[in-house]
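Some notes on the structure that comes next.
Counting starts at 1 for both ligands and their atoms, in listed order.
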Amino acid sequence: MSEKMPAWDLNDLYPGMDSPELKKDIAAVSAGALKFETRYKGKLAESSPDEFGNSIEEYEKLDETLSRLYAYSYLLHSTNLNDPKISTFYQNIREKSNDVSNKMLFFELELNTMSEEQVQEKMVSPKAKNYEPWIKNVRAARDHMLSEDLEKMLHEKYVVGAAAWNRLFEETMASLRFNIGGKMVTEPEATNIISFSPDAKTRHEAGAEVDRVMKKNMPIFSLITNTLAKDKQIEDEWRGYKRPVSARNIENQVEDEVVDALVDTVVANHPDVSHRFYKMKADWLGVDKLEYWDRNAPIPGLPEKQYSWEDAKNIVLSAYNEFSPEMAKIGKKFFDNNWIDVAPKEGKMGGAYAHPTVPSAHPYLMLNFMGKADDVMALAHELGHGVHQYLARSQGILKSHTPITLAETASIFGEMVTFQYMLKHEKDPKQRFALLAEKTGSMLNSTVRQIAFHRFETKVHTERREQGEVAPERLDKIWTEVQSDALGPAVKNDERSSSSWATIPHLIRTPFYVYGYAFGDCLVNSLYSVHQEGKVEDFPKKYLEMLSKGGSERHQQMLKPFGLDASKPDFWQKGMNVIKGFVDQLEVLTDELGMNKNKAKQADNKQAAPVQSGMVKKVTGLKSR
Ligand SMILES: [Zn+2]
């Protein structure tokens, strides 16, 4: 690709890493934190309401400067990983920022030790009142806090406890090598082959090899899993969390019942959504049953389209514009002002992200644009984050952060709007089919698959608590059970893939995190279907208003203007219906385009050898629903 692609301009943060502006900020934040500590440490509960409000305002200002410094160094570093001068600069800023935030740590701790009455007394000051949502977030886990000594001890012990087991997991995974086609590859490389190799034989070889190596190392993975589950149980009991999922739910600002409703609804939709999809996928690949590792396999015979950066920009902005001209206007700023770093280059971090930086500046997007449909979607996703972060600036830095359950709303919505636009404007039915198949598969990966992970960890943690150590064979069995539920009868799911759970780092590193992906996806689907129904007046305006709330509201208030309530199962059903609708469309297109290889085979067999009726009968049974 010879097209010139823009790089970002970080001057809006600092003119350079040696600039006087940057040095001035470092000096200011160091002195400021010291002053802050002397002025407020140990005095928060006794301060007057106005002093209390002032202290938070000062805290926010320091946080803003610190975050600007940190964001600048991070952005610079992520596009120049091989530059030693920048690496040193990044490391220095990190250490500086650690020093400074250590001085400010007391503030949130003291906030947590205040009684509810004490906090309420301060709310007579309008300045303090303005920060109430942030105070609530900081104090969310307060009921589960232990005495200061115990907290300190747990904090210090963490490095030799959970952190050490996590490290053992990471180092073990990193040391594993997989022999695929005579070549020794790492785990990410092996996973990549499983997902993307167009050759079925290679995929199967890779799948079998991954399972063999994981099984060989199962004693260690099983020990890590059991130990971490026990560690969590001990801490949860001390802190008074009822269920294994509860601590995460509090962090995510969501009630246990809401997560239960999500899980139940997704599971109830398996037959109608994922089972049907994988049945179709088996037909597209022309096999009786899909191998476990063929779930994401490329569909043969589909043309792959290339997009220029200019195409991608026009598609995403036009899509945004069709939804809301206001949203497109904000999106356009990112292109007009060089807030996006587009092209892959030597020494640049992989993947893509949107960084909010600070409210007094603006967000930046980092991409690695290669011209695939996926890259257009990555732009739509990150620009969604960008618009969200841009709008949430009005809340100030403390109130702009959203919990993971809501943080992906704008990005997934941006993708959905763009996807619908591309689908509508795509003339080639095969391309439409490719778009739909890709989107549906990826939506199932974010919903059904993540909920299967969630059910796996729920069962493992529950059995660990109720019955003690969970044996490796039992771990494998739980995995196979939840996978069978999720994938359905058209996917082979047996002892040959039963150790795959050990390759999912989230299950080890961040227990009960994965449902957040399903939460975000289903929430956006519900929101989008309300938009499509057209019953909510001024939907786009209300949507942008919701984004501008940042982290200042919980999901209940956020969704109210749309007549939605996440504690109701029909909320999640609305979301699943969107995926179901895609599966319906795919079934129609499969017939129209003759994509069902099994059916085609059957027709061939009929012509070539009509006497082999046994064979024909068997294939007939595979016809799509
Ligand atoms: Zn995202």
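- The side-chain hydrogen bond (donor to acceptor under 3.5 Å, both in side chains) check on Y14 picks up D25, with sequence neighbours excluded.
- Heavy-atom neighbours of K61 NZ from other residues, nucleotides or ligands within 6.0 Å: at or below the threshold of 12.
- Taking 2.8 Å as the limit, the number of protein N, O or S atoms around the Zn ion (ligand 1) is 4.
- Take H355 and apply the ring-ring contact (aromatic ring centres under 6.0 Å, His included) test, not counting sequence neighbours, and it matches Y74.
- Here salt bridge (Lys or Arg N to Asp or Glu O under 4.0 Å) pairs that include residues 434-447, with residues two or more places apart or in two chains, are E415-K439.
- Checked by atom type, the side-chain pair E322/S318 shows no donor-acceptor distance below 3.5 Å.
- Looking only at distances, no side-chain donor or acceptor of R243 sits under 3.5 Å from a matching main-chain atom of T458.
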